[in-house]
Amino acid sequence: VNESAIRTIFLNEGLDHIENQKDIDLMMLGLGVYLGEGSKTDRGKIALSNTDPRIIQIFIKFLTDICGYPARRIHAHVGIHSHLSIKGAEKYWSRVSGIPLKQFSKTSIQRSRAGNGERDKLPFGTFTVAVYDTPARIRLEGWIQGMYRRLFPTQHALHNVTKLRI
């Protein structure tokens, strides 16, 4: 079986899954959050970065309740400006996300380019959550296609998005 056939199998599993999903509200919300804020360039990873704790919590609930990942499989990362408290940000995001600090990768520190009046709009930096799973990433694309089909059932030409980076 070649790589393309395997990808088609996982993609079709995702398409079938969305039709039979019981918690469709969380499914659709999670997919919407991912479509808007998720990373779509790495085909082996499902990841989302944001500064809003509500978006992070929704996505983690999506990963655990819909995708079926145990919390121990979810990785985290903080990106923060150099003048802010690294430990404070890590503790904040751990508390918000429920992800223990041992699952955090090393915090990235960026130099702030903002003037003094613009500083500290993001006192806890940007938080990224991720799971590493190529088949699940492909299934996620199937879910997105299934969601699109539910919303726009007559636009068949746009359903075929196999050229996406999956």
Side-chain angles (χ1 to χ4, degrees), residues 10-11 13-114 118-148 150-151 164-166:
F10 288 130
L11 191 63
E13 283 179 13
L15 285 166
D16 292 341
H17 185 256
I18 199 161
E19 292 300 321
N20 301 311
Q21 182 55 245
K22 289 181 174 61
D23 193 354
I24 200 70
D25 293 337
L26 179 58
M27 177 80 161
M28 293 298 191
L29 184 57
L31 289 173
V33 166
Y34 176 76
L35 276 171
E37 301 293 333
S39 171
K40 294 164 226 46
T41 57
D42 187 341
R43 67 185 197 181
K45 174 172 73 170
I46 300 170
L48 176 134
S49 298
N50 208 281
T51 59
D52 186 335
R54 297 168 299 179
I55 298 294
I56 296 298
Q57 290 169 335
I58 288 166
F59 194 65
I60 290 171
K61 187 164 184 64
F62 172 76
L63 289 174
T64 57
D65 294 8
I66 301 297
C67 300
Y69 289 103
R72 64 179 155 57
R73 291 265 326 262
I74 301 173
H75 301 269
H77 177 262
V78 176
I80 194 166
H81 289 138
S82 59
H83 69 281
L84 298 172
S85 168
I86 294 168
K87 293 288 183 211
E90 290 171 343
K91 286 179 184 177
Y92 171 80
W93 286 115
S94 181
R95 189 174 66 251
V96 163
S97 67
I99 299 172
L101 290 171
K102 68 181 179 185
Q103 289 171 224
F104 282 45
S105 60
K106 185 177 179 181
T107 295
S108 297
I109 301 167
Q110 296 110 14
R111 199 178 113 148
S112 176
R113 286 173 261 162
E118 296 291 317
R119 292 181 95 144
D120 300 337
K121 285 189 175 183
L122 303 174
F124 302 109
T126 301
F127 191 63
T128 302
V129 292
V131 291
Y132 297 88
D133 186 344
T134 299
R137 172 67 173 79
I138 298 166
R139 272 190 219 101
L140 182 66
E141 289 298 333
W143 292 351
I144 291 167
Q145 288 183 32
M147 177 181 69
Y148 187 83
R150 280 176 80 104
L151 295 171
L164 289 178
R165 293 173 148 188
I166 58 174

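Everything quoted here is computed from the prediction, not taken from an experiment.
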> Please report the shortest heavy-atom distance between F104 and E90, naming the atom on each side.
CE2-O, 3.8 Å

> Can a donor-acceptor pair be found, under 3.5 Å and without considering hydrogens, that links the side chain of Y148 to the backbone of W143?
no

> Just grab all the salt bridge (charged side-chain N to carboxylate O under 4.0 Å, His left out) pairs involving residues 48-59, residues at least two apart or on different chains.
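Listed once each, the pairs are D52-R54.
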
> For F127 and V78, work out which heavy atoms get closest and say how close.
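Reported closest heavy-atom pair: CD1-CG2, 3.8 Å.
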
> For P123 versus I80, what's the shortest heavy-atom pair and its separation?
O-CD1, 4.2 Å

> Has H77 got a side-chain atom pairing as donor or acceptor with K106's backbone, closer than 3.5 angstrom?
yes

> Kindly say whether K40 contributes a backbone atom to a donor-acceptor pair with the side chain of R137 at under 3.5 angstrom?
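At least one qualifying donor-acceptor pair exists.
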
> Does any N or O in the side chain of Q103 come within less than 3.5 Å of the main-chain N or O of A76, such that one atom is a donor and the other an acceptor?
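Between the backbone of A76 and the side chain of Q103 there is no qualifying donor-acceptor contact (under 3.5 Å).
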
> With sequence neighbours excluded, tell me which residues meet salt bridge (Lys or Arg N to Asp or Glu O under 4.0 Å) with K61.
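For K61, the residues satisfying salt bridge (Lys or Arg N to Asp or Glu O under 4.0 Å) (neighbours in sequence not counted) are D65.
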
> Could you grab the distance from atom NZ of K45 to atom CG of L140, nearest 0.5 Å is fine?
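Reported to 0.5 Å precision, the distance equals 13.5 Å.
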
> Closest approach of I46 and Y69, non-hydrogen atoms and distance?
CD1-OH, 4.3 Å

> On the ring face of F124, is K91 found with NZ or CZ under 6.0 Å from the centre and within 45° of the axis?
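The answer is no; the distance or angle limit is not met.
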
> Closest approach of T126 and S49, non-hydrogen atoms and distance?
CG2-CB, 4.0 Å

